[in-house]
Visitor: 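Dropping a structure here in structure tokens format, bear with me for questions.
Atoms considered below: every heavy atom in the structure, side chains included; atoms not considered: hydrogens, waters and symmetry mates. Remember, it's a predicted structure, so these values are computed and weren't measured experimentally. Read the numbers this way: they start at 1 and go in the same order the structure lists the ligands and their atoms.
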Amino acid sequence: MKPSDLLTPTPAGLYCPAADIYIDPVRPVARALITHGHSDHARAGHGAVLATRETLAIMALRYGEAFTGSQQVAAPGETTRIGAVDFRFVPAGHVLGSAQIVVEHKGLRIVVSGDYKRERDPTCAPFEPVPCDVFITEATFGLPVFRHPPAHAEAAKLLDSVRLFPDRTHIVGAYSLGKAQRLMALIREAGYERPIFIHGAVEKITEFYQAQGIPLGEIRKVEPSGRKAEGRKAFAGEIVICPPSAIQDLWSRRFPDPVTAFASGWMRVRARARQKGVELPLIISDHADWDDLQATIREVQANEIWITHGEAEALAHWCGTVGLKGMPLHLVGYGDEGEAEPEAKPAEASA
Ligand SMILES: [Zn+2]
Ligand SMILES: [Zn+2]
């Protein structure tokens with residue numbers, strides 16, 4: 001059997017004919033396997049969804065309980081047979097509940113990584129490399145310019161700035177699923193003990209992380225404008241975490257003389273930071289950087305590397321230089337929520 005007979009790229013996403021399922025479909029399908037809760041991978045409106053317990057819970061939080069016709073939990077490491085194909089969910093280290101999906105049939109093994117990273121993250125299980133024949137990878141940061149510095153050093157920059165400007169509010173843009181909570185955990189590890197303030201859009205997911213036993217310390221919601229419960233002074237010297245889209249809108253004007261920060265792998269590109277009016281860029285990413293993409297590809301020992309999205313051509317070219325077959329799949333529909341905030345509104349869920 002050819003790998004492309006086991007998993008076939010289609011406009012709706014990767015399709016497995018022998019099991020009649022799609023992985024991370026971008027359109028509503030009868031049966032879907034979902035790698036993680038970011039909105040470009042996890043959409044509402046499928047007939048049935050198989051995913052980790054956390055991913056199912058995150059989808060229900062964002063889209064409502066009726067996000068799918070039926071749901072089934074994929075327990076970590078456990079094999080689920082569909083048709084004659086075996087599927088196994090293995091941690092991807094990207095956000096809470098994120099998994100790679102190992103697809104096995106007649107001795108052929110394909111690993112669909114979904115989004116992943118290799119750097120330690122106190123809020124989710126680490127990526128586990130699985131040797132395979134074909135490794136399907138993302139390439140969000142698949143260019144040599146993208147080398148992420150240690151995340152704890154970036155978090156320390158934020159805390160240094162807070163010490164330096166004790167009267168200013170630090171408003172930090174961070175994606176609401178994963179990045180925001182990872183940043184909270186990082187600054188707690190660095191010893192920051194004050195309450196952390198959050199925008200309402202970050203609240204549900206943050207509470208879910210806490211309910212899973214991830215210690216994030218005291219989190220307080222910034223009340224909607226109009227209610228003058230807190231004076232402007234209340235936020236002097238505090239850290240406020242919000243979705244990136246809120247940095248530049250009216251919402252942010254309530255804070256006195258704010259320092260605007262943004263936690264993203266894209267902050268490596270100074271022009272992007274300037275363009276978004278970011279004063280304090282923090283290079284913290286939930287995606288593998290150029291070195292980690294290469295290290296992972298070597299580690300899984302696959303001969304063929306299929307590349308779903310991101311800098312597919314550049315990574316495919318690198319594969320060729322080390323004797324591997326690299327193939328861009330040109331799958332459409334995966335922007336990296338990771339790095340492009342989706343305000344998960346139910347109405348947009350299946351768009
Ligand atoms: Zn993605
Ligand atoms: Zn993602």
Side-chain angles (χ1 to χ4, degrees), residues 9 11-14 22-27 32-44 49 51-52 54-59 61-63 74 89-101 111-119 121 123-127 135-143 146 148 151 173-183 201-202 205-206 208-209 243-245 263-266 284-290 292-293 296 306-312 315 328-344 348-351:
L14 284 166
Y22 287 83
I23 295 178
D24 289 354
V26 296
R27 301 176 184 171
L33 275 58
I34 307 285
T35 59
H36 67 286
H38 280 152
S39 60
D40 52 333
H41 299 254
R43 296 172 196 247
V49 169
T52 63
E54 294 87 349
T55 296
L56 291 172
I58 288 165
M59 291 177 78
L61 280 177
R62 302 185 124 187
Y63 303 133
F89 286 61
V90 173
H94 177 58
V95 297
L96 184 59
S98 65
Q100 311 170 68
I101 300 177
V111 171
V112 182
S113 70
D115 295 336
Y116 65 99
K117 71 170 173 296
R118 305 303 301 273
E119 193 182 18
D121 179 342
T123 68
C124 67
F127 180 96
F135 183 61
I136 306 185
T137 183
E138 53 137 327
T140 303
F141 292 114
L143 287 175
F146 293 113
H148 308 323
Y175 303 104
S176 58
L177 167 56
K179 187 71 59 65
Q181 297 76 25
R182 185 181 177 205
L183 182 64
V202 183
I205 300 287
T206 300
F208 176 70
Y209 268 60
S245 56
S264 165
W266 295 113
I284 301 178
S285 176
D286 286 330
H287 295 267
D289 67 2
W290 177 242
D292 283 345
L293 288 169
T296 305
W306 298 359
I307 305 154
T308 53
H309 61 293
E311 301 293 343
L315 190 60
L329 297 184
H330 304 295
L331 293 183
V332 176
Y334 304 100
D336 29 1
E337 161 174 350
E339 321 289 339
E341 183 74 5
E343 276 317 295
E348 292 175 359
S350 57

Visitor: Name the orientation class of the two ring planes belonging to H36 and H41 (parallel below 30°, tilted from 30 to 60°, perpendicular beyond 60°).
Guide: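 It falls in the tilted class, 30° to 60°.
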Visitor: Is there a donor-acceptor pair under 3.5 Å between the side chain of S113 and the backbone N or O of Y116?
Guide: no
Visitor: Got a donor-acceptor contact below 3.5 angstrom from the R62 side chain to the A44 backbone?
Guide: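 Side chain of R62 to backbone of A44: no pair is present.
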Visitor: Is the distance from the Zn ion (ligand 1) to the nearest N/O/S atom of E138 under 2.8 Å?
Guide: no
Visitor: Using salt bridge (Lys or Arg N to Asp or Glu O under 4.0 Å) as the criterion, list what pairs up with E311, not counting sequence neighbours.
Guide: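 None.
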Visitor: Whether E138 and K117 form a salt bridge (side-chain N of Lys/Arg under 4.0 Å from carboxylate O of Asp/Glu) is what I want to check.
Guide: no
Visitor: Considering only N, O or S atoms, which atom of D40 is nearest to the Zn ion (ligand 1)?
Guide: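 Result for D40 and the Zn ion (ligand 1): OD2.
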Visitor: Please name the atom of H94, restricted to N, O or S, that is closest to the Zn ion (ligand 2).
Guide: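 The atom in question is NE2.
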Visitor: Looking only at N, O or S atoms, find the one in H38 nearest to the Zn ion (ligand 2) and name it.
Guide: ND1
Visitor: Testing the 3.5 Å rule here: is there a donor-acceptor pair between the side chains of T123 and Q181?
Guide: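 No, because no side-chain N or O of T123 sits under 3.5 Å from a partner of the opposite role on Q181.
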Visitor: How is the N/O/S atom of H41 that comes nearest to the Zn ion (ligand 1) named?
Guide: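 Of the nitrogen, oxygen and sulfur atoms in H41, the Zn ion (ligand 1) lies nearest to NE2.
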Visitor: Using 2.8 Å as the threshold, say whether any N, O or S atom from H36 sits that close to the Zn ion (ligand 1).
Guide: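 No - counting backbone and side chain alike, H36 has no N, O or S atom under 2.8 Å.
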Visitor: Looking only at N, O or S atoms in D115, which is nearest to the Zn ion (ligand 1)?
Guide: OD2
